[in-house]
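The structure appears right after this line, and notes come after that.
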Amino acid sequence: MSATLKRLLKDKYTKVGVSAFVGAMRIALLYGVFATIWIIYSDRFLVMVAGDDVAMLATMQTWKGLLFVSITILLVFCLVNQLLNAKNRLISQLRDKQQRLDLTLNAAPSGIQECSVTGVISYANETYHQLLSYPPNSLVGREVWDFIADQDGLHALRAKFKLAIAEQPIPCPFEAKIRNQRGERLTVYLTWDYMRDQQGAVTGFICVVSDVTERKQQEEKILELALYDSLTKLPNRFLSLDRINQLVLETGRRDQVIAVLFLDLDNFKKVNDSFGHEAGDKLLVEVANRLQHCIREADTVGRLGGDEFIILLSGLRKTTDVTHVVETVLNAIREPFLVEGCEIQLSASIGIALYPDDAGSASELIRNADMAMFHAKQAGKNKFVYFTTEMNEQAARRMQIEQHLQSALEKNELHLQFQPQVDLTNNRIIGAEALLRWQSRSLGYVLPDEFIQVAEQTGLIIEIGRYVIDNALMHAAKFQQIDPEFRLALNLSPSQFRDRGLTSYINSCIKRYQLAPGTLEFEITEGVLLSASTEVICLLEELSQIGVRIAMDDFGTGYSSLSYLRSYQFSALKIDRSFIADMTWDKADLELVNAIVAMAHSLGLQVVAEGVETRSQLRKLRQLGCDAAQGFLFSKAINAEKLVTLLSESELSLTDI
């Protein structure tokens, strides 16, 4: 029985005892008054009635005693009857109270138990029996230690008992792991208090035991979702960042090195496009498994999202230790993957940042490793690059360019220049390539190689590309007033192929400025054709249908696949400047240029040489039969007004260059 019940019974006994005492006192007082009156007046009354008759007086004395005894018996009966009734009422009330208390305790959603200071259970409600999978009334006499799930928990509970008995601290709830009769591990939350005797000494403990197993499982699931990647079960960005922070704190005390490896799978999008996202997910899981086999147990592999992973290496003494791990990782990724019966070949680019040399915080380490990975991508992929301070400077420069480029169109800072293309048979200007230039008020002159790449990565290339097309065609209309056959060449960025309204926009500009048919040409690189995506194929077909010429730019620097020339309706082929620069002294380059010209002519394509800067290059190109050329020998990129002046001359005089 619980201490609470005992207190209730004690209070009830007290109240009933007081009530019975008051009733008995009333009867006793009544009896006292009656006895006093009887003693004082009864004998006088008998003497007055009997007079001198002794026999009559004796008889009346006898009846007086019998009457007194009868009245005494009646009063004693009333007194005893009242006490018995009070006792019966008390017993009945206590029985009802205990039944209600038992019902309440057994209906409680939590287990309730009492135990002695030695851990012996003296009371347990039905809920606690059900929690431990024991039949009713079978826990009393057992010890609380019998149900603890493991040794660590047992030692912890014994320590709590010892502390509670010795120091009697304020009771604080705690969690414990227990095991029920079926062998199931449960997590319980215990709220407890002391049981004391009348002198206040601790005699045991009473506690409420709540089963929080399901709640803890849900919390662990939520925690797992918050800190771990759902696909690979690796630590996610948040947990990886936290682990780096911990490593930074620990390493600061040990004079060691931390390496953060930022890994990105090369061309992973092609896997999803070719095999589907389900196969891509399986491949990511396999990559995660391989990465974990490449590192020590103390190191960490995390997934940042998509095809990006992070590897944390700690306790390093020298950089060569990092290089060895990185090479192991790259070799592991290069091994073929078998997904759904297909062999898939992958590679990865890795950026590396070291603590404390490259950064002083976790976020900075990840950022710098990401930056180094970007440089590994730019350097050709399938390799690793260590972070350098120059990368920070380049990143800062790129950020400046991105910020100012967004308002460059509004501020009218972008403008076009034109580099003439010359017919090599007669030195006549037959067209020009439109080149975009940026004169920023804040940054000064920004090279196209810098801002074009940023525009492509940020998506600004779509808006800028349309601006270039509109302005270039507007100037081309003016050039064709001088030369109706003037041909305008424009570069088409790979990102512009995602502009679904590009063809209709180009066609509307052609009609608006009334360009002559077949005089607009777009230059694309072999890299655009590598994907052979539906967007690329459709756009090239649409451009051909509206009479736009297509030229392959920088031929020879990519895969130089002849299948491209046969698959698409090209009208011209442009030889990259790197071959032109060395052709006068490098026989291999000369033969290569000769082969390109011959091949292009056999396919009915016009050949344009880029970067012609010397007369000897010009002579060689003429000897090889090259159709046209552009370069500093003829003219640098100039504004529209100067080009109008050049077009006014029937031939371009090389003596003026």
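Bear in mind that the values here come from a model prediction, so they are computed numbers and not experimental data.
The six-membered or imidazole ring of Tyr134 lies near that of Phe147, with a centre-to-centre distance under 6.0 Å.
If you take CG on Leu234 and CD1 on Ile310, they are separated by 11.5 Å, rounding to the nearest 0.5 Å. Ser116 contributes atom OG, which lies 8.0 Å from atom CD of Glu143 (distance to the nearest 0.5 angstrom). The distance from the CD atom of Glu114 to the CG atom of Asn125 is 10.5 Å, given to the nearest 0.5 Å. One finds the NZ atom of Lys270 at 14.0 Å from the CG atom of Leu265 (value rounded to the nearest 0.5 Å). The CG atom of Leu263 sits 4.5 Å away from the CD1 atom of Ile350 when rounded to the nearest 0.5 Å. Residue Ile222 holds its CD1 atom at 11.5 Å from CD of Glu224, rounded to the nearest 0.5 Å.
Shown here is Glu278, whose CD atom has no more than 12 heavy atoms of other residues, nucleotides or ligands within 6.0 Å. With a 6.0 Å radius and a threshold of 12 heavy atoms from other residues, nucleotides or ligands, Phe77 has its CZ atom at or below the threshold.
In this structure, Ile295 and Ile311 have side chains that are in contact, with non-hydrogen atoms separated by less than 4.5 Å. Here the side chains of Gln113 and Cys207 are in contact, with some heavy-atom distance below 4.5 Å. Proximity of Leu283 to Ile344: side-chain heavy atoms (C-beta onward) are separated by under 4.5 Å at one or more points. With contacts defined as side-chain heavy-atom distances shorter than 4.5 Å, the pair Gln217/Lys221 does not qualify. In this structure, the side chains of Tyr355 and Val260 stay at 4.5 Å or more apart for every pair of heavy atoms. No side-chain heavy atom of Phe387 sits under 4.5 Å from any side-chain heavy atom of Ile352. For the pair Thr127 and Leu131, the minimum side-chain heavy-atom distance is 4.5 Å or more. For the pair Ile121 and Val144, the minimum side-chain heavy-atom distance is below 4.5 Å.
For the pair Thr300 and Pro235, the tightest heavy-atom approach, listed with the atom from each and the gap, is CG2-CG, 4.1 Å. Of all heavy-atom pairs spanning Met371 and Met391, the tightest one is SD-O, 3.1 Å. Taking every heavy atom of both residues into account, Ala353 and Asn368 meet most closely at CB-CB, 4.0 Å. Here the shortest heavy-atom pairing between Pro173 and Tyr189 reads CB-OH, 3.0 Å. The shortest heavy-atom contact between Ser122 and Cys115 is OG-N, 3.9 Å. Minimum interatomic distance between Gly280 and Phe268 (heavy atoms only, all atoms of both residues): O-CZ, 3.4 Å.
Using modelled atom types, one finds no donor on one side chain facing an acceptor on the other under 3.5 Å when comparing Ser110 with Tyr128.
Ser274 is linked by a side-chain contact (heavy atoms from CB on, under 4.5 Å) to nothing, counting only residues two or more places apart in sequence or in another chain. The side chain to side chain donor-acceptor pair (under 3.5 Å) test applied to Asp264 returns Lys377, not counting sequence neighbours. For Asp273, the side-chain contact (heavy atoms from CB on, under 4.5 Å) test picks out Lys269, with sequence neighbours left out. With sequence neighbours excluded, the residues satisfying side chain to side chain donor-acceptor pair (under 3.5 Å) with Asn331 are Arg334. For Asp370, the side chain to side chain donor-acceptor pair (under 3.5 Å) criterion is met by no residue, not counting sequence neighbours. Not a single side-chain contact (heavy atoms from CB on, under 4.5 Å) links Asp357 to another residue, sequence neighbours left out. Every salt bridge (charged side-chain N to carboxylate O under 4.0 Å, His left out) that Asp321 has, sequence neighbours left out, goes to Lys318. In this structure Arg367 satisfies the salt bridge (charged side-chain N to carboxylate O under 4.0 Å, His left out) test with no other residue, sequence neighbours excluded.
Side-chain atoms of Asp146 do not come within 3.5 Å of backbone N or O of Arg142 as any donor-acceptor pair. Side-chain atoms of Asn236 come within 3.5 Å of backbone N or O of Leu239 as a donor-acceptor pair. Here the side chain of Asp266 pairs a donor or acceptor atom with the backbone of Asn382 at under 3.5 angstrom. Side chain of Ser314 to main chain of Ile258: no donor-acceptor pair is present (N/O by atom type, distance under 3.5 Å, no hydrogens or angles). For Lys233 (side chain) and Ser230 (main-chain N/O), a donor-acceptor pair under 3.5 Å exists by modelled atom type. With hydrogens and angles disregarded, a donor-acceptor distance shorter than 3.5 Å links the side chain of His129 to the backbone of Ser138. Checked by atom type and distance alone, the side chain of Asn85 pairs as donor or acceptor with a backbone atom of Asn81 at under 3.5 Å.
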>> Would Thr203 and Val117 count as a side chain to side chain contact (heavy atoms under 4.5 Å, CB included) here? Give the steps.
In response: CA-CA 6 Å; Thr203 59; Val117 291; 5.7 Å; no
> Given Thr187 and Lys216, is the side-chain hydrogen bond (donor to acceptor under 3.5 Å, both in side chains) satisfied, shown in steps?
Replying inline: CA-CA 7 Å; Thr187 303; Lys216 294 296 289 185; over 6 Å; no
>> Test side chain to side chain contact (heavy atoms under 4.5 Å, CB included) on Thr323 and Phe384; report intermediate values, then the result.
In response: CA-CA 9 Å; Thr323 303; Phe384 64 91; 3.9 Å; yes
> Step by step, would you call Arg185 with Asp150 a side chain to side chain contact (heavy atoms under 4.5 Å, CB included)?
Replying inline: CA-CA 10 Å; Arg185 286 174 63 96; Asp150 51 50; 3.5 Å; yes
>> Show, in sequence, the C-alpha distance, side-chain angles and deciding distance for Arg179 and Glu184, and conclude whether the side chain to side chain contact (heavy atoms under 4.5 Å, CB included) test is met.
In response: CA-CA 5 Å; Arg179 194 182 298 276; Glu184 299 169 338; over 6 Å; no
Listed pairs under 3.5 Å, donor-acceptor, residues 301-309 side chains, sequence neighbours left out:
| residue | atom | partner | partner atom | Å |
| --- | --- | --- | --- | --- |
| Arg303 | NE | Gly306 | O | 3.1 |
| Arg303 | NH1 | Asp229 | OD1 | 3.0 |
| Arg303 | NH1 | Asp229 | OD2 | 3.0 |
| Arg303 | NH2 | Gly306 | O | 2.9 |

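Sorted by first and then second residue, the pairs that involve residues 157-173 and meet side chain to side chain donor-acceptor pair (under 3.5 Å), not counting sequence neighbours, are Gln168-Arg196. Contacts classified as ring pair (Phe, Tyr, Trp, His ring centres under 6.0 Å) and involving residues 198-219 (residues at least two apart or in different chains) are given here: Phe161-Phe205, Trp192-Phe205, Tyr194-Phe205. For the side chain to side chain donor-acceptor pair (under 3.5 Å) condition, the pairs that include at least one residue of residues 283-298, sequence neighbours left out, are Arg296-Asp299.
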